[in-house]
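Fair warning: this is a prediction, and the values are worked out from it, not measured in the lab. Position 1 is the first residue of the sequence; numbering continues from there.
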Amino acid sequence: MKEYYKRPDATEEFFWKDLEGREWGRTGDIGYVDEDGFVYVEGRATDYFISKSGKKIFCFDIEDVILHDEQVAQCEVIGVGEEGNGVSYAFVVGKNPEININSILDRCKDSLDDESIPIKIMVLDKFPVKGSGKRDMEQLRQMVEKQLTKK
């Protein structure tokens with residue numbers, strides 16, 4: 001990428017140089033480079049919530065645990081709540097129509113700390129998508145809000 005179109009401020013914010021003079025771009029993603037030089041993107045740096053203990057919990061860490069369940073094809077986790085009072089909700093699409101939520105929760109309990117375990121797992125036939133083809137996160141948030149207003 002050369003620059004943002006007619007946005008010199010955004011271009012300046014995106015690019016930075018390290019101590020060796022190499023130019024980098026700030027994508028907003030978190031990831032790592034392995035020993036062979038392969039780049040792995042784990043998720044968005046802004047995709048987290050702050051738990052009651054003040055811990056920053058990244059949603060992609062929870063998704064990774066859930067996606068390792070053999071019955072799960074797709075997963076999206078959303079953190080909700082005020083800072084310092086955040087909790088997670090998980091949405092899953094199964095590989096088959098029958099999906100055992102309790103086994104997914106057991107996996108989460110075995111692999112995550114208590115504050116990271118989703119308080120609810122919702123099973124969907126498919127994820128809602130925007131016209132761009134990306135998942136409609138706003139629609140997922142509205143589903144969570146509906147759950148919260150039922151309580």
Side-chain angles (χ1 to χ4, degrees), residues 1 3-5 7 9-16 18 23-95 99-151:
M1 176 175 116
E3 64 186 31
Y4 283 96
Y5 181 68
R7 297 270 325 272
D9 58 323
T11 301
E12 186 176 325
E13 186 178 318
F14 179 79
F15 290 106
W16 64 279
D18 65 18
E23 194 167 52
W24 296 86
R26 292 183 182 100
T27 64
D29 295 315
I30 292 180
Y32 62 95
V33 179
D34 72 8
E35 62 276 351
D36 296 320
F38 290 98
V39 176
Y40 295 87
V41 177
E42 295 184 308
R44 301 291 296 164
T46 56
D47 193 12
Y48 68 89
F49 62 95
I50 305 295
S51 69
K52 290 179 183 176
S53 70
K55 182 179 176 186
K56 184 185 280 191
I57 298 174
F58 288 98
C59 295
F60 56 79
D61 288 331
I62 302 168
E63 291 165 0
D64 184 54
V65 169
I66 294 171
L67 285 167
H68 276 87
D69 190 293
E70 62 190 26
Q71 56 184 334
V72 176
Q74 297 176 311
C75 176
E76 193 71 58
V77 172
I78 294 177
V80 297
E82 298 297 317
E83 191 165 306
N85 199 22
V87 293
S88 65
Y89 284 75
F91 295 89
V92 296
V93 173
K95 292 180 181 174
I99 189 163
N100 184 338
I101 292 175
N102 289 327
S103 72
I104 297 170
L105 278 172
D106 288 343
R107 176 180 292 276
C108 290
K109 289 174 185 174
D110 290 343
S111 303
L112 299 168
D113 62 56
D114 289 345
E115 293 181 316
S116 297
I117 298 169
I119 63 169
K120 183 157 180 91
I121 297 176
M122 295 179 229
V123 179
L124 304 174
D125 293 330
K126 62 182 180 177
F127 280 103
V129 293
K130 296 180 181 181
S132 65
K134 290 186 177 184
R135 288 185 185 161
D136 190 338
M137 299 303 289
E138 187 55 38
Q139 196 168 345
L140 294 179
R141 288 193 183 285
Q142 289 171 2
M143 289 180 201
V144 170
E145 290 300 321
K146 259 183 159 175
Q147 289 290 315
L148 293 173
T149 56
K150 285 182 181 179
K151 293 181 178 179

- Message: Students often mix this up, so state it plainly: with edges at 30° and 60°, are the rings of Y40 and Y32 parallel, tilted or perpendicular?
- Response: parallel
- Query: V144 and K120: side-chain contact (heavy atoms from CB on, under 4.5 Å), yes or no, with the steps?
  - Reply: CA-CA 9 Å; V144 170; K120 183 157 180 91; over 6 Å; no
- Minimum heavy-atom separation for I117 to C108, with atom names? CG1-O, 4.0 Å
- Query: What's the shortest heavy-atom distance between D61 and L112, and which atoms?
  - Reply: O-CD2, 4.3 Å
- Query: Side chain of E115, backbone of S53: donor and acceptor closer than 3.5 Å?
  - Reply: yes
- Task: Taking all heavy atoms of S88 and all of I62, pick out the closest pair and write down the distance.
- Result: OG-CD1, 3.8 Å
- Side-chain donor/acceptor of R26 to backbone N/O of E13, under 3.5 Å: yes
- Message: Once rounded to the nearest 0.5 Å, what's the spacing between atom CG of L124 and atom CE of M143?
- Response: 5.5 Å
- Please check if the side chain of K126 supplies one atom and the backbone of V93 the other of a donor-acceptor pair under 3.5 Å. no
- Query: With a cut-off of 6.0 Å (strictly less than), are more than 12 heavy atoms of other residues, nucleotides or ligands near CD of E12?
  - Reply: no
- Taking all heavy atoms of Q71 and all of D69, pick out the closest pair and write down the distance. CG-OD1, 2.6 Å
- Message: I'd like to know whether R7 forms a salt bridge (charged side-chain N to carboxylate O under 4.0 Å, His left out) with D9, so could you lay out the CA-CA distance, the side-chain angles of the two residues, the decisive distance to 0.1 Å, and finally the verdict.
- Response: CA-CA 5 Å; R7 297 270 325 272; D9 58 323; 3.5 Å; yes
- Does NZ in K95 sit with more than 12 non-hydrogen atoms of other residues, nucleotides or ligands closer than 6.0 Å? yes
- Can you see which heavy atom on C59 is nearest to which on F49, and at what distance? SG-CD2, 4.2 Å
- Item | Aromatic plane relationship, Y4 with F14 - under 30° parallel, 30 to 60° tilted, over 60° perpendicular | perpendicular
- Mark yes when over 12 heavy atoms from residues, nucleotides or ligands other than E82 sit less than 6.0 Å from its CD; otherwise mark no. no
- Gap between atom CD1 of I57 and atom CG of D113 - 0.5 Å precision: 5.5 Å
- Task: For the residue pair L140 and F127, establish whether any side-chain heavy-atom pair is separated by less than 4.5 Å.
- Result: yes
- Query: Going from CD1 on I50 to CG on N85, what distance comes out if it is rounded to the nearest 0.5 angstrom?
  - Reply: 11.5 Å
- Message: What's the separation between atom NE2 in H68 and atom CD1 in I104, rounded to the nearest 0.5 Å?
- Response: 14.0 Å
- Interatomic spacing from CD in E70 to CG in N100 - rounded to 0.5 Å: 10.5 Å
- Message: Looking at every non-hydrogen atom in both residues, tell me the closest pair between R107 and V65 and how far apart they are.
- Response: CD-O, 3.1 Å
- Test item: R44 and D29 side chains (from C-beta on) under 4.5 Å apart, heavy atoms: yes
- Message: Less than 4.5 Å apart, side chain to side chain, heavy atoms only: is that true for D136 and V129?
- Response: no
- Message: Determine whether a donor-acceptor pair (N or O, by modelled atom type, separation under 3.5 Å) exists between the side chain of E63 and the backbone of V77.
- Response: yes
- Query: Roughly how far, to the nearest 0.5 Å, is the CE atom of M137 from the CD atom of E76?
  - Reply: 3.5 Å
- Non-neighbouring partners of F58 that pass ring pair (Phe, Tyr, Trp, His ring centres under 6.0 Å), sequence neighbours left out: Y48, F60
